[in-house]
Student: 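Would you mind keeping the following structure in view while I ask a few things?
All heavy atoms count here, side chains included; hydrogens, waters and symmetry mates do not. As the structure is a prediction and not an experimental result, all values here were calculated from the model. Remember, it's 1-based here, ligands and their atoms both numbered in the order they're listed.
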Amino acid sequence: TARSLQNAGTEKSPLQVFVRAKKKINDIYGEIEEYVTETTQFIGGLPQEIEIVDKEEKELFQSYVQKVAAIREVLSRDHMKVAFFGRTSNGKSSVINAMLREKILPSGIGHTTNCFCQVEGVDGQEAYLVKEGSDEKLSVVSIKQLANALCEEKLSESSLVRIYWPRERCSLLRDDVVFVDSPGVDVSRNLDDWIDNHCLNADVFVLVLNSESTMTLAEKSFFHTVSQKLSKPNIFVLNNRWDASASEPEFQDSVKSQHQEKCIDFLVNELKVSSEKEAAERVFFVSAKETLQGRLQEAQGNPAHLGAIAEGFQNRYFEFQDFERKFEECISKSAVKTKFEQHSSRGKSIASDMRLMLDNIFDRANVLRNNKLDQKKSLTDRIQKTENQLMLVTREMKLKIHSMVEEVEQKVAKALNEEI
Ligand code: GTP
Ligand code: MG
């Protein structure tokens, strides 16, 4: 069936790079959490009368437990984020639907998307949406109802509606890709807010153009701002509605090379975000509407070309798949780097801070022990026993922490080397 084909496809999906890295780093943090908790419990459990660890230090250890828990929480929510921009009606929502293989987002002529819509996967069978500033889960039964829910009240165009869609219905959502749809860049004056609120953590941007016309100033200036705020954003350019070119076959090649040149020039010379060679791999000529129609046919067991709008369907369909492949490679690499590199260096610094503190405690315990030895005669046997015990436990903890730090550092370095 189409679904099992889809499943088979995901086995080799470049997105697995991210999925595997996420699992690895989660496991490593699970171990760090165990060590940190264990150490903190040990320190907290030391008898009051043995004054080698003061209150401040105990609190500091406690803060590591919280820090590690907070990082684990962020890690569990880390995903790959792709944001789509372009002029009204160029087909942003249609491209997302085609990638999701289902008509999830409302699309249509005129100005359709009137606020930011984020589509992300959720466990279970039920789709729902949550509006910004609310916790209420509004169930989504149909596209029409979704469109109504989005229009119902006047949502601010830079506000965000989160659409939670059953993970198992789409492999991209299952692999933790999150899609952000936007209103047309030509309808807003708040482009700076858009970027600050929705784009700073995007791994990939897709500029959806209308291949029947040409890139507009609004589209260009939006991406100029994006590339000023972010260093070297990953930008793909889709010349959508390429099916329209079929009606003018005599101009097809020249129009294509004209667009191609302009797009490459924009990425390379204007935005300076990629080399000529990279840029050539980032510009595509597709038909989102046709791809979605084709995929819906396939899902019903029919050949994809039944969804064709015009002559030349196969080429445009392949080009869309080519775009998806390159997009997947790019987004998973970028997300591993941007999301996990930070976490691994924080993990390393927590581990080495703790090692330093434990080394200090160990030294102090030694000094204390020597002092006490000098006054041995006046000490009771009981104290002697406690000290010896303390020595043993501290030594054990020190060894444990040393080996833990080494292990974690090795694992993190290995995980990163493997995945990047
Ligand atoms: P806004 O949300 O209004 O900014 O528009 P959008 O960019 O999301 O465009 P949308 O996906 O709503 O598409 C606009 C119209 O163009 C819809 O009627 C789509 O069916 C149609 N459309 C989208 N992609 C294509 C395409 O590749 N070929 C053709 N022929 N029509 C398309
Ligand atoms: Mg739209």
Student: Check whether any N or O atom of Asn240, backbone or side chain, sits under 3.5 Å from an N or O atom of ligand 1, and answer yes or no.
Tutor: yes
Student: Heavy atoms only: which of Arg241, Arg316, Gln293, Arg87 lies closest to atom 15 (C) of ligand 1?
Tutor: Arg241
Student: Purely on distance, is any nitrogen or oxygen of Ala288 under 3.5 Å from one on ligand 1?
Tutor: yes
Student: Side chain or backbone of Asp243 under 4.0 Å from ligand 1, or both, or neither, by non-hydrogen atoms?
Tutor: side chain
Student: Are any of the N or O atoms of Gly91 closer than 3.5 Å to those of ligand 1?
Tutor: yes
Student: If the threshold is 4.0 Å, N to carboxylate O, is there a salt bridge linking Lys326 and Asp322?
Tutor: yes
Student: Quick one: does Trp242 get an N or O within less than 3.5 Å of an N or O on ligand 1?
Tutor: no
Student: Can you list the residues that meet the side chain to side chain contact (heavy atoms under 4.5 Å, CB included) rule with Asp27, with sequence neighbours excluded?
Tutor: Lys23
Student: Which option out of Lys92, Lys103, Lys289 puts a heavy atom nearest to atom 31 (N) of ligand 1?
Tutor: Lys289
Student: Check this for me: does any side-chain nitrogen of one of Arg295 and Glu324 sit under 4.0 Å from a carboxylate oxygen of the other?
Tutor: yes
Student: Just which atoms of ligand 1 are under 4.0 Å from any heavy atom in Ser94?
Tutor: 10 (P), 11 (O), 13 (O), 19 (C), 23 (C), 24 (N)
Student: In Å and rounded to the nearest 0.5 Å, what is the OG to CD1 distance from Ser344 to Ile71?
Tutor: 10.0 Å
Student: Any Lys/Arg nitrogen of Lys55 or Glu59 sitting under 4.0 Å from an Asp/Glu carboxylate oxygen of the other?
Tutor: yes
Student: Got an N/O contact under 3.5 Å between Ser182 and ligand 1?
Tutor: no
Student: Pairing donors with acceptors under 3.5 angstrom, does anything connect the side chains of Glu57 and Asn360?
Tutor: no
Student: Counting each atom of ligand 1 from 1 as listed, which ones have a heavy atom of Ser287 under 4.0 Å away?
Tutor: 26 (C), 27 (O), 28 (N)
Student: Would you call Glu126-Lys137 a salt bridge at under 4.0 Å N-O?
Tutor: no
Student: Are any of the N/O atoms on Ser107, whether in the backbone or the side chain, positioned under 3.5 angstrom from an N/O atom of ligand 1?
Tutor: no
Student: Mind running side chain to side chain contact (heavy atoms under 4.5 Å, CB included) on Phe266 and Leu207 for me, showing each step along the way?
Tutor: CA-CA 12 Å; Phe266 180 57; Leu207 166 58; 4.2 Å; yes
Student: Do any of the N/O/S atoms of Ser94, backbone or side chain, fall under 2.8 Å from the Mg ion (ligand 2)?
Tutor: no
